[in-house]
Each structure stands twice: as structure tokens, then as C-alpha cells.
Amino acid sequence: MEKASPSSLTEKFLIEEREEVMVSEKGRTLRKTHFLKPFSTSIDGSVAELPRRDDQQRLSDSSLRDSSSGFWVADHYFFLSWLGKMETLYEPIWEKAGIYEAIKASTYKITKDPSLILSVAEKWCSETKSFVFSWGEVTITLEDVMVLLGFSVLGSPVFAPLECSEMRASAEKLEKVRRDSVGKAKRVSQVSWTSSFMGRGGQMEHEAFLVLWLSLFVFPGDCCRSISRNVIPIAVRLASGERIALAPTVLAFLYKDLGRICDFARGKCAGKVSLKSLFKLVQVWTWERFKNIRPKAKEIPEGEPRIAQWDSLIQRSKNVRLYFDDFDWRPYTKPLKNWNPLRFYVEEAMWVTVDDSVDDEFASFARCVKVSYLVGKGFVEDYFPHRVARQFGLAQDLPGLVTLHRNFTEKEAWDDYSKSLDGLKLYMPSRLDRGSVTARYQDWWLKSVADFMGSEEMQKESTEAFDARNTFDHLDKDDDDGDIDVSPKVLPLSQVVQKLEEGLPTKRRKSRKHRLPKRYKISESLQMKRAREGDDKSSIDKEDDCMTVAQLIRSRKKFSDVEKTGGDASESLGKRSRRYMVVDSDDDSGPCQKHAWMEVEQRSVEDGGTAKKTEITRQTCDAVNGSNAENKTMIDDATKEAESWLHEDKEMKKRCIGKFSSEAKKEEDVDERLRQRKLAIEEIALELEACLSKVDKSLTEIRKWKTRGNQTKPRFLLS
């Protein structure tokens, strides 16, 4: 594919539909899907390769100069005391200017976690504007800025001049008050600014409030928690209801600071790094994307922004460096209580044509997925969403090269970003789509990321991540999602089996000792049998925790096989008892249980003996009847009495057994359902064990391949 420039990507289509061999959980399949431009269809073509990274040191919290970076500090409460009045008066104007959601989002406190921020920042690649992990490439996009912070991607640029004389006069008045309020530290404090304008009324108070908001929560690095003169023209324009595209500027500042951290880690700059951007976005983005390390989210108050769920929360894992492997590609498509996804997260995929009649949210999505430039204040940053197409629900192919203009001015870069989208054919993926990668991309990525990180670092990251999972897996029990993640990367197989079995109904075990007469040994023996089964079930459950996964699966399979071949009702109780005793012969059961089984077998033999004696009695009576005619009447009477007793005995047994069988049948139905669920769980466990074995073999081949100096490719890469 030819090199593309950002401006050339809006001709007609940003997204292309075609058939391609895609990688899925079931293997490689040919199917039709959608790709974000620019892309390359050949590894030998114009591919935007990962650079070879220089050695870099790990950063510590002391590497960063103290900066609020948009986080809450104590004196921000002056802002809250002013906000109530301003919101009542100017909410419609804030809606028109596209800042109402952003102002509300500013009222929530994100507790700063420098360790978490630095752990993510270490993965930043300045050339690709993305975080590079061993499993893939991701980044913070305009979509994240729009959803989490509420800033608009549409509107005029931040550097636009004040056009009318009235606006210029307002700006001059605000600047005069700012100069007069400069203290000994040569800056204007929030207290001084608030006391000068709060309660003053009129348009100037409104403009002064927005100056405070912009200084604290949009461009906090300009004057270190003081009032910045650079935001005064922007505040005047917003106060008039003008929509300004703050999102690209906020993201440009963040990209620049991430690059500075990366340069510091490589030893390209000395001293400390002073951050000037909204690094609270990095922290919240990490919590939204990595389910395994985030704290348990709060319930969002009705009508409040999404960021409210992270208000005043503290990081739950202290070893986050090692645990970035559970990425959520599309967290914002899921509805939350009191928060609904944006309108461009459609239920069913569709194509739309962008024009004047299209909803602003659909036009915003087009800006989010278009390769472009981000205009900061006096600088320009590149924006490459085509490298992370899966974050938008699209398929990922080889990222195509983009022709960059390093000498672009702010105005030229903005003209490229804001180029008209009229007539653009835009594909809107379903909110349920999670995207996938081509087989070509998978092969390319395995080689590229190994060259980028180095074989030693790849091995170290894999080992550290595994160790971290073993250490912090218990944290997942508090995850509010409630999903059972059966990925072998996330949980050991034994825990997968345990989670799948949670929620199964407990087996009913009610003693019938007092319900049946003691004279009928068959009822007592059945009772003993069921008691033994209940004890065995309890024993197995207790032993599961001490068994390996393989032993767990084998033992349960063995038990289920016995149940399958357990015989029908015509088998004698003695035979079935011995059958189960053979299966459980290696079970370390207690003496009481063994004694109970001995009684079952003994009583079964006694029942058989009773039947035999009855038969002998009948034969004897017949012989006496033939040889002693004179005693015929007496024998007939004795025979009738015996038969009457036997009939009464049988009737009593039938009534007792009938009562017992009706209840036993209910339990057998429950037992059958439980057995079927167990078999399904065992099948899943075996499949997962096979997957884990396959992954282990693949990793072993990769390590051998790297050790041999890439002489031959592993077999799974050639297939």
C-alpha cells in the first residue's frame, strides 16, 4: 500500500470492508470484516514498524516534580464553593459550548497514584504514540478524552483570536485584575482570584470562573496551580457559548509529557520531569481498561459523568508494574447504572454518511478514528488511531505508513484535523464488536515486539507477570463485574474449575432414620448407602483444595464413570455396595464410614438368607403334605398363616418403599442435573488444560527460536 497522509484519508472512506484470514479463539478463519485506514496488506509493504527501543531505566516517584496534573488538592474547594451559583445561571451556555460535562467531571477527586502512572508511562513509545505491551499495542485516544473528561473533539481551535472588540475588552479587564493580584511568589493564587470576582455578578464573573476552571482542570501546568494568563482568551470565548475543541489540545499535552518521561528514562534529559498535562486521565484510563488492577468502582450518581465511579478511590494492587495483561478493548460500550453509552455505540452495525444532518456524536466518532495531528500550544503531536483499531471495535491489520509534515504550523495542523467530513462514508461497529487481528498481523507482531523489547525483557516480563498473577489473583474476587474469566492468562485452571462450580445447588441430605420402621433392613441399608454418598461428597469437596488440577479432573471423571455404569435397579444392593467400595478403596475414610458399609453388606446377606429360608420352609411343607395326609389340614393352616404373614410383610414394605421412592426420585432428578453440570465443567476443564499445554509448548518454541538466533521459525508460526 502507498504511503498515506492524514489529509488524504477523508476522501471517501475511513474504513474498508473486505475478506481476510482472521485470528480467533477457534483458530484462523476467512471472513468479511472492517479495517481502519491506512493499513498494509503485506509485511514487505509500507508498514509503520515499531522502532528498536534503547535501554531505559525504571522510573521512581522522585523522578517527577510535584505537580497537580489535574488532580485535586486542598485549595480546589474554592472552585466548588463558586460552582453552585455559576451552574444555576449558565448551564445552557455551557451545554452550547460543549463544556458542561467537563465541568461536572472536574468536581470529582481522583486520588493520585504516581507508581501506577509511571508503571504505565514506562510502556510508552514516542514514535508510535502508543503503549507497547508484549501482548499488543494500545493508547489513549480522543474517545477516552471525550468519554472520561467530557471535552469536545468538535469546534474551533484553542489558539483562535478574539474577533470582536467587546471580547477583547473583557479579556483586557481580566488581565488587569490578574496583574494587580500578583503576590510575592509572582503568581495569582486561587484565593485572591476568587475573592476578586466571586459575587460580583454579570458576564465578568462568569468569565473569571471559567478562567479558574481552565487553570486548574484543563491546562494545570501553565502556572502551577495559579491563574494562567494564557487561558483568559479561551475563557472569554467559552463564556459567549462558542464551542472549542479542547480534547485534541488536552491529548496533545499528554502525549508530549509521556514522551518527555520516555526520554528521561532513556537518559536523554537530566534532572526531574515536570508534568504539565492531565495525568489523572492516564490513571483513570488504566482503571477503565485493566480490570485486574482497578479498585472496585462506585455507583454513579444519577445524572453524573462516568468518572464519578472512581471518586476518591485508592489503587488496590501495589505491584501494578507486573500485571498489565487483562485489557478491556471497549469498556465504554457497556451500560452502567445511571450512565448510558454515547449514541454512536449502536446495537447493530451500520454505515452512515456524514453531512450537516448527522448527529454531532457520529461526527465526533469520525474525528476519533481519523489519523490526524493534535494541536497544542506552540507544538503539534501525531495521532495514530489506525494502530489500535480494536479499541474502536474494528479489525486490526498491519498499520500503514503515514507521511508526516514535521514543519507544520499550528494552523496547518489544525486545518488538517478539521478538514470537512461531508460525504464521508463511515462504518459504525456494533457496541458488542470487540475486533480481531489478521493472521498476517499476528505473525508480524510476534517478531516486531520481540525486536522492540528484546528477548531478555520479553522473558522477564512474562515471568514477572506470571509471578504477579500468583500473588494478586485473590484481588479478582472483589471484582464488581461478576464475570467468570476462563482465560489461562488471568486465572490458574484450578481456580477456573472452582469458579465454575460456585452456585451449584447443595445436595439435599435429610436423614430418614425416623421415617421408616427399624424392622425393615432394606430401608436401613438404603439409608446407610445414601449417608455414605453424602459423606463421600463432603470428603471429595474438602480434598479438592489439596489436589492438583490433573488429579481433580481424573478423580471426578473416575467418579462420574462409575455413576454411568452404576447398574440398574435389578442389581442387588450388595453388588452395588461392593462396586462403590472398590472405587473408593483409596479413600482415607473414617472407621465409622467403613463400619456402616460393613453393616450394609451384612444386612444385604441377611435379607438374601431370609428369602432362602422361606423357600426351604415351603419345600418342607410340600414334602410333609405328600407323606402325611392326616396332617394336611394343620399344614394348610400353617401355610396360609405363613403366606398371610409374607403378604402382610410385602404390603408393608411396598408402602414404605413407595413413600421412600417418591422422595428418592426427586433427589435422583436433582442428582442427575448435578451430574450433567459436573460433566460439562469437566469437559471445559479438560479443554482449558489442553489450551494451557499448547500455550506452554508455543512459548517453549519461541524461547528456543530466540536462543538459536532466529535461524528457523517455530512450527506454530509456519502453520
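Numbering starts at 1 and runs along the sequence shown.
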message = Looking at T249 and V375, would you say the former's side chain and the latter's main chain have a donor-acceptor pair under 3.5 Å?
response = yes
ask   = So how far is it from Y90 OH to E207 CD, rounded to the nearest 0.5 Å?
value = 9.0 Å
inquiry  = If the threshold is 4.0 Å, N to carboxylate O, is there a salt bridge linking R289 and D326?
reply    = no
query = Are the side chain of Q283 and the backbone of T111 linked by a donor-acceptor contact shorter than 3.5 Å?
reply = yes
message = Using side-chain heavy atoms (C-beta onward) and a distance below 4.5 Å, is F217 in contact with L278?
response = no
Nearest heavy atoms of L421 and A363, plus distance in Å = CD1-O, 4.1 Å
key: Closest heavy-atom pair and its distance - M428, V352   = CG-CG2, 4.0 Å
request  = Compare every heavy atom of Y427 with every heavy atom of A349, then report the nearest pair and how far apart it is.
outcome  = CB-OH, 3.1 Å
ask   = Would you call K411 and D415 a salt bridge, using N to O less than 4.0 angstrom?
value = yes
key: Over all atoms of both residues, closest heavy-atom pair of A297 and L313   = CA-CD1, 4.1 Å
request  = Test side-chain contact (heavy atoms from CB on, under 4.5 Å) on V211 and W193 and set out the steps.
outcome  = CA-CA 9 Å; V211 168; W193 185 261; 3.7 Å; yes
query = Shortest non-hydrogen contact from R229 to P233?
reply = O-CD, 3.8 Å
key: Nearest heavy atoms of C262 and S126, plus distance in Å   = CB-OG, 3.8 Å
ask   = Does L374 reach the side chain of F379, with side-chain heavy atoms less than 4.5 Å apart?
value = no
ask   = Once you round to the nearest 0.5 Å, how far does CZ of F279 lie from CG of D113?
value = 13.5 Å
task = With Y373 as reference, evaluate F408, Y417, Y255 under the ring pair (Phe, Tyr, Trp, His ring centres under 6.0 Å) test and give the passing residue.
result = F408
inquiry  = A side-chain contact here means heavy atoms from C-beta on lying under 4.5 Å apart; do R294 and T286 qualify?
reply    = no
key: K334, NZ atom: more than 12 neighbouring heavy atoms under 6.0 Å   = yes
request  = Could you tell me whether R168 and E163 have a side-chain N and a carboxylate O separated by less than 4.0 Å?
outcome  = no
query = Does the side chain to side chain donor-acceptor pair (under 3.5 Å) test come out yes or no for W82 and E205, once each step is laid out?
reply = CA-CA 10 Å; W82 203 355; E205 182 182 1; 2.9 Å; yes
inquiry  = For a quick check under 3.5 Å, do S418 and R367 share a side-chain donor-acceptor pair by atom type?
reply    = no
query = So how far is it from L210 CG to I99 CD1, rounded to the nearest 0.5 Å?
reply = 5.0 Å
key: Basic-acidic side-chain contact under 4.0 Å: K276, D257   = no
key: I227 backbone acceptor or donor facing S215 side chain under 3.5 Å   = no
ask   = Looking only at side chains, do T141 and D144 share a donor and an acceptor under 3.5 Å apart?
value = yes
query = R390 side chain to R387 main-chain N or O, any donor-acceptor pair under 3.5 Å?
reply = no
With S152, the side-chain contact (heavy atoms from CB on, under 4.5 Å) member among R243, M146, E101 = R243
Min side-chain heavy-atom separation L246-V158 under 4.5 Å = yes
ask   = Is there a donor in the side chain of S130 and an acceptor in the side chain of E137, or the other way round, less than 3.5 Å apart?
value = yes
key: Donor-acceptor pair, side chain of K298 and main chain of A308, under 3.5 angstrom   = no
inquiry  = Is a donor from one side chain sitting under 3.5 angstrom from an acceptor on the other, for K129 and T139?
reply    = no
request  = Dump the intermediate steps for side-chain contact (heavy atoms from CB on, under 4.5 Å) on V138 and Q391, then the final yes or no.
outcome  = CA-CA 8 Å; V138 296; Q391 291 183 217; 3.3 Å; yes
key: E299 backbone acceptor or donor facing Q309 side chain under 3.5 Å   = no
query = Is any side-chain heavy atom of Y108 closer than 4.5 Å to a side-chain heavy atom of P301?
reply = yes
ask   = Can you check whether R330's main-chain N or O pairs, donor with acceptor, with D328's side chain at less than 3.5 Å?
value = yes
inquiry  = For P341, is there any backbone N or O sitting under 3.5 Å from a side-chain donor or acceptor partner on R306?
reply    = no
Between D355 and T353, a side-chain donor and acceptor under 3.5 Å = no
task = Answer yes if the side chains of W310 and E288 hold a donor-acceptor pair under 3.5 Å, and no otherwise.
result = yes
inquiry  = Looking at S192 and S189, would you say the former's side chain and the latter's main chain have a donor-acceptor pair under 3.5 Å?
reply    = no
query = How many angstroms lie between CG in D360 and CG in L342, if you round to the nearest 0.5 Å?
reply = 12.0 Å
message = How long is the straight-line distance from CG of D311 back to CD1 of I300, given to the nearest 0.5 Å?
response = 11.5 Å
Between E242 and S156: side-chain donor-acceptor atoms closer than 3.5 Å = yes
task = For side chain to side chain donor-acceptor pair (under 3.5 Å), just list the numbers for Q203 and E166, CA-CA rounded to whole Å, side-chain angles, deciding distance to a tenth of an Å, and then say yes or no.
result = CA-CA 11 Å; Q203 183 70 0; E166 184 178 351; over 6 Å; no
task = Let me see the working for W414 and F159 under side-chain contact (heavy atoms from CB on, under 4.5 Å), right down to the final yes or no.
result = CA-CA 10 Å; W414 174 258; F159 59 82; 3.8 Å; yes
key: Note, L212 side chain near F79 side chain (heavy atom, < 4.5 Å)   = yes
ask   = Does any donor atom in the side chain of E304 or W339 lie under 3.5 Å from an acceptor atom in the other side chain?
value = no
Any donor-acceptor pair under 3.5 Å from T194 side chain to V191 backbone = no
task = Measure the shortest side-chain to side-chain distance between Y383 and L251 over non-hydrogen atoms and say whether it is less than 4.5 angstrom.
result = yes
request  = Starting from the C-alpha separation in whole Å, work towards a yes-or-no answer on side-chain contact (heavy atoms from CB on, under 4.5 Å) for I15 and K37.
outcome  = CA-CA 6 Å; I15 298 166; K37 295 183 178 181; over 6 Å; no
key: K377 charged N/C atom sitting above F219 aromatic ring, 6.0 Å / 45°   = yes
message = Could you tell me if the side chain of R237 sits less than 4.5 Å from the side chain of I244, heavy atoms only?
response = yes
key: Reported CE-to-OG distance for the pair M167 and S165, which is rounded to 0.5 angstrom   = 10.5 Å
task = Return the orientation label for the F133 and F131 ring planes: parallel under 30°, perpendicular over 60°, tilted otherwise.
result = tilted
ask   = Hey, mind stepping through W213 and F209 against ring-ring contact (aromatic ring centres under 6.0 Å, His included) and telling me if it holds?
value = CA-CA 6 Å; W213 174 67; F209 171 81; 8.0 Å; no
task = Please work out which of the three classes, parallel, tilted or perpendicular, describes the rings of H386 and F384, given edges at 30° and 60°.
result = perpendicular
request  = Look at the rings of F324 and F290 and say which category their plane angle falls in: under 30° parallel, 30 to 60° tilted, over 60° perpendicular.
outcome  = perpendicular
